[in-house]
Amino acid sequence: MKLLEKKIEELGQIIGSDILKVDMFLNHQIDVNLLDEMGKEFYRLFKDKGINKILTVESSGIAIAVMAAKYFDVPVVFAKKSSHKNVGNDCFMAKSHSFTHGKDYEMIVSKKYLSPADNILFIDDFLAGGNAAFAVLDILKQSGANLVGIGIAIEKGFQDGGKKLREMGIELQSLAIVEEMSETNGINFRKC
Ligand code: 5GP
């Protein structure tokens, strides 16, 4: 999505070799018009798939998921991140690892909000190694809900999450794929 690539080029900050900071429009301050366009694009890509619910992970996925949900006219459920091991029996729970914080956490979703009747689109802000996505897959499996596809705002194509998910046959659509990036040479996007 050209508009998103342009924003990343203009306002993204490359930290070290593998972190892209987009606090100016996505992860701290939010460019509502840009996110609205992203929501519209996810709708264009997945509109014929019978999606009845969008699942995301707190906190940065929520704004994008909500924008998309307006177009699909479906609810958003966001997985919560907890450091408590004991979450009780009323939640689906999967272990994950935060790429940005370098810490393990439990991803939890109440059993009230996922069931085998659901056709789910999972939306997130970034895809790196795929830890968050694999924890979501685990939770969906426990719930019996059907994963229709994954929509990612920014995929870092030089990390292997996207490759693994596509090899599993999952329909993964990323609005921008960073092929390579460095503080000295900037960012190259994958040509679609
Ligand atoms: P993964 O689980 O795929 O390894 O990493 C994805 C999660 O880590 C996303 O939900 C996102 O919050 C965070 N993340 C991974 N890479 C980046 C990055 O380069 N920049 C930012 N802002 N977040 C990232």
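The shown structure was predicted, so the numbers you read here are calculated from the model rather than taken from an experiment. Start at 1 and go down the list; that is how both ligands and their atoms are numbered.
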Heavy atom to atom 10 (O) of ligand 1, shortest distance: which of Ile15, Ile154, Asp124, Asp160 holds it? Asp124
Can you tell which of Asp23, Asn27, Asp18, Leu26 gets a heavy atom nearest to atom 22 (N) of ligand 1? Asn27
Shortest protein heavy-atom distance from [atom], along with the residue and atom involved:
atom	result
atom 12 (O) of ligand 1	Asp125 OD1, 3.4 Å
atom 8 (O) of ligand 1	Phe99 CB, 4.0 Å
atom 2 (O) of ligand 1	Ala132 N, 2.8 Å
atom 16 (N) of ligand 1	Lys156 NZ, 2.8 Å
atom 1 (P) of ligand 1	Gly130 N, 3.4 Å
atom 24 (C) of ligand 1	Thr100 CG2, 3.4 Å
atom 20 (N) of ligand 1	Leu20 O, 2.7 Å
atom 6 (C) of ligand 1	Phe126 O, 3.5 Å

Are Phe92 and Tyr105 grouped together when hydrophobic residues (ILVMFWY) are joined by side-chain heavy atoms under 4.5 angstrom apart? yes
Begin from the C-alpha positions of Asn33 and Glu37 and carry the test side-chain hydrogen bond (donor to acceptor under 3.5 Å, both in side chains) through to its verdict. CA-CA 6 Å; Asn33 290 327; Glu37 290 300 322; over 6 Å; no
Can you tell me how far the [atom1] atom of [X] sits from the [atom2] atom of [Y], to the nearest 0.5 Å?
X	Y	atom1	atom2	result
Leu55	Phe122	CG	CZ	6.5 Å
Asn27	Thr100	CG	OG1	8.5 Å
Asn119	Phe46	CG	CZ	12.5 Å

Where ligand 1 meets Gly129 - atom numbers and elements under 4.0 angstrom, heavy-atom basis: 1 (P), 3 (O), 4 (O)
Looking only at N/O atoms, are Asn131 and ligand 1 under 3.5 Å apart anywhere? yes
Are any of the N or O atoms of Ala128 closer than 3.5 Å to those of ligand 1? yes
Partner of Met93 by side chain to side chain contact (heavy atoms under 4.5 Å, CB included), out of Glu106, Met107, Lys80: Glu106
Under 4.0 Å between heavy atoms, the region of Lys21 that gets near ligand 1 turns out to be neither
Ignoring hydrogens and angles, tell me if any N or O in the side chain of Lys156 forms a donor-acceptor pair with the backbone of Met181 under 3.5 Å. no
Lys47 NZ/CZ over Phe72 ring centroid, <6.0 Å and within 45° of normal: no
Any non-hydrogen atom of Leu127 lying under 4.0 Å from ligand 1? yes
